[in-house]
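We number each residue from 1, following the sequence as shown. Being a predicted model, the structure only gives us computed values, none of them experimental.
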Amino acid sequence: MKIFFQILVRVFLIFNFLQFTVSSPAQDSSRIKISLLTCTPGDELYSIFGHSALRVTDSNSVTDIVYNYGTFNFDDEGFYLKFIRGKLLYSLSVEKFNDFIFEYQASNRGITEQVLDFSEKEKIILQQALNQNLKEENRHYKYDFFLDNCTTRLRDLIVNNKYPPPELPPVMPTGYRFREAIHQYLNAGKLYWGKLGIDILLGAPTDAVMSVSQQQFLPDNLMKAMDNSKNIPVVLSSHNLYAFQKQENTTWFTPLFFFSLLLLLFVFLSLSSNKYLQKTLMVLDAVLFSLTGFLGILLIFMWVSTDHTMTKNNFNLSWALPSHLAAPFLINSNKGSAKKYFLVTAVIIIITLLSWFFLPQQMNNALIPLVLLLIFRSLSAYFKKNQK
């Protein structure tokens, strides 16, 4: 009886083992691990928004490489003109993981790795898609910082090769705009001059409300969305590859300080009766109006002659008038048309200032002293011409 019972127990154990073996999912034999790498912002304007890349570790081929959609060629013929016109091509490139991480450690930038929760088949398909995109005829694309960049390209690859496609949630408040999103990084990095330049060049389209998917143009936003996918998990595990020491930047020479000081300088010179200071004021007037006119020409060029979608419909043209290029030649003119020019431009800029906070485009407040200066010098030129 005891022997029969032992045989029965062994049969039962064998049966359960076989049942477990048959019902268990097949083991992942690809030996591939794919991770999303998210790099923290740097100190310079070109790196202030962070960066994303994909890491593919393949134990079968003993490789550990990073796929990077943020590569461009400085030696490309007509590089600067293509960059300005929005026609510069970015490319997918690969590099060894050790080289990639060394570069970011050297610049004191942290890296977070999110291992993707992909099946064996999904990982193989994603790896094949990356290698297909790496071919010369596929690796280049026309870069758009907001709509088609090194982060959105990776997002699309991940979403399109995961089944069912993950639903990535919003990570910013409802109604958040593109300009507000980039201001977060520029203010945190205290890059106030870079923020000024961006606010001048980018027009009203930058103040459009972002959709949920559009929020993911920023690396941090994609990382957070991946962690909180609604319908299925996308991230298997997450950890920091490199912990960095954040350094606080301090600056006092801001655009607001500079333009305020410039306004005070012009007021001081205009109140002086010294003939040398008056000549200096005439020269500064010529420089002020000329530079403003050149800026207006640049804004029109960025609007009508480039492929940049966000530089159109720019309300900064309401104070940076291209016609100011001719102003230095009109300042000392006694013609009535010259007087009318300065009066009309002063009225236009005054209307702009009064509607500053109600325009469809968010204007940079550091420009207010500069706008006041243009009004002041335009009215001064008008009334000076009326003097007998």
Side-chain angles (χ1 to χ4, degrees), residues 32-42 44-58 61 63-107 109 111-114 116 123-161 182 185 198 201 213-214 216-223 226 241 302 306-311:
I32 296 173
K33 183 180 76 172
I34 302 181
S35 309
L36 176 67
L37 303 179
T38 303
C39 308
T40 59
E44 304 298 330
L45 184 60
Y46 69 87
S47 62
I48 192 62
F49 304 105
H51 185 54
S52 300
L54 273 184
R55 178 188 184 186
V56 178
T57 306
D58 190 336
S61 59
T63 57
D64 190 357
I65 58 177
V66 174
Y67 291 80
N68 183 2
Y69 270 100
T71 308
F72 55 86
N73 184 11
F74 273 114
D75 297 326
D76 190 7
E77 184 177 355
F79 172 84
Y80 293 104
L81 182 59
K82 289 179 180 178
F83 177 78
I84 293 172
R85 296 189 62 194
K87 297 181 180 295
L88 182 66
L89 294 180
Y90 274 56
S91 305
L92 172 63
S93 64
V94 293
E95 62 182 309
K96 294 179 179 179
F97 172 72
N98 288 338
D99 295 336
F100 179 86
I101 196 172
F102 175 79
E103 177 184 350
Y104 282 87
Q105 288 175 338
S107 57
R109 295 174 62 184
I111 302 177
T112 299
E113 180 179 32
Q114 292 170 297
L116 301 184
K123 286 188 285 187
I124 292 174
I125 292 175
L126 180 54
Q127 185 184 42
Q128 290 173 344
L130 285 167
N131 290 329
Q132 181 69 21
N133 288 341
L134 195 58
K135 293 181 178 180
E136 183 62 28
E137 63 269 24
N138 300 328
R139 60 191 295 260
H140 305 288
Y141 71 102
K142 192 163 69 172
Y143 179 88
D144 185 309
F145 174 73
F146 293 98
L147 304 176
D148 191 2
N149 65 18
C150 52
T151 298
T152 62
R153 289 257 158 174
L154 299 181
R155 184 270 317 276
D156 292 344
L157 277 169
I158 293 170
V159 170
N160 293 337
N161 290 286
I182 62 176
Y185 291 82
I198 287 174
L201 289 177
S213 62
Q214 286 173 339
Q216 296 150 15
F217 81 96
L218 290 167
D220 283 343
N221 286 358
L222 178 59
M223 178 180 69
M226 295 272 289
L241 295 178
M302 297 297 292
T306 74
D307 292 344
H308 296 292
T309 57
M310 297 294 186
T311 58

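No donor-acceptor pair under 3.5 Å is formed between the side chain of Arg85 and the backbone N or O of Thr306. Between the side chain of Lys33 and the main chain of Thr57, no donor-acceptor pair closer than 3.5 Å is present. In this structure a side-chain-to-backbone donor-acceptor pair under 3.5 Å is present from His308 to Gly86. With Asn138 contributing its side chain and Leu134 its backbone, the two residues share no donor-acceptor pair below 3.5 Å. Arg109 contributes no side-chain N or O that, together with a main-chain N or O of Glu103, makes up a donor-acceptor pair within less than 3.5 Å. Side-chain atoms of Asn161 never come within 3.5 Å of backbone atoms of Leu126 as a donor-acceptor pair (strictly under, hydrogens ignored). One N or O on the side chain of Thr311 and one on the backbone of Met302 form a donor-acceptor pair closer than 3.5 Å.
Using cut-offs of 30° and 60° for the angle between ring planes, the Tyr141 and Tyr69 rings count as perpendicular. Using the six-membered ring where Trp is involved, Phe217 and Phe145 have ring planes that are perpendicular, over 60° apart on the 30 and 60° scheme.
When all heavy atoms of Cys39 and Ile111 are compared, the pair lying nearest together is SG-CG1, 4.1 Å. In terms of heavy atoms, Ile34 sits closest to Gln127 at CD1-N, 4.4 Å. Heavy atoms only, all atoms of each residue included: Tyr143 and Cys150 are closest at CE1-N, 4.1 Å. Smallest separation of non-hydrogen atoms from Ser52 and Thr151: OG-OG1, 3.1 Å. Listed here is the closest heavy atom pair of Lys87 and Asp307: NZ-OD2, 2.8 Å.
Both tests hold for Arg55 against Phe97: distance to the six-membered ring centre under 6.0 Å, angle to the ring axis within 45°.
Taking 4.0 Å as the cut-off between side-chain N and carboxylate O, Lys96 and Asp64 do not count as a salt-bridged pair.
Rounded to the nearest 0.5 angstrom, Asn68 CG and Leu92 CG are separated by 7.5 Å. Note: Gln132 CD to Ile125 CD1 = 13.5 Å, rounded to the nearest 0.5 Å. To the nearest 0.5 Å, atom CD of residue Gln114 and atom OG of residue Ser35 are 9.0 Å apart.
Counting heavy atoms from C-beta outward, Gln128 and Asn131 have side chains that stay 4.5 Å or more apart. Put simply, the side chain of Leu157 reaches to within 4.5 Å of the side chain of Asn133, judged on heavy atoms. Looking at heavy atoms from C-beta onward, Leu218 lies in side-chain contact with Tyr185 at the 4.5 angstrom threshold. The shortest distance between side-chain heavy atoms of Thr38 and Asp220 falls below 4.5 Å.
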In sequence, state the C-alpha distance, the side-chain angles, and the governing distance for Asp148 and Arg153, and then conclude on salt bridge (Lys or Arg N to Asp or Glu O under 4.0 Å). CA-CA 7 Å; Asp148 191 2; Arg153 289 257 158 174; 2.8 Å; yes
Between Ile32 and Val56, is the side-chain contact (heavy atoms from CB on, under 4.5 Å) condition met? List the steps. CA-CA 7 Å; Ile32 296 173; Val56 178; 4.1 Å; yes
Start with the C-alpha gap between Leu37 and Leu54, add the side-chain angles, then the distance that decides, and say whether side-chain contact (heavy atoms from CB on, under 4.5 Å) holds. CA-CA 6 Å; Leu37 303 179; Leu54 273 184; over 6 Å; no
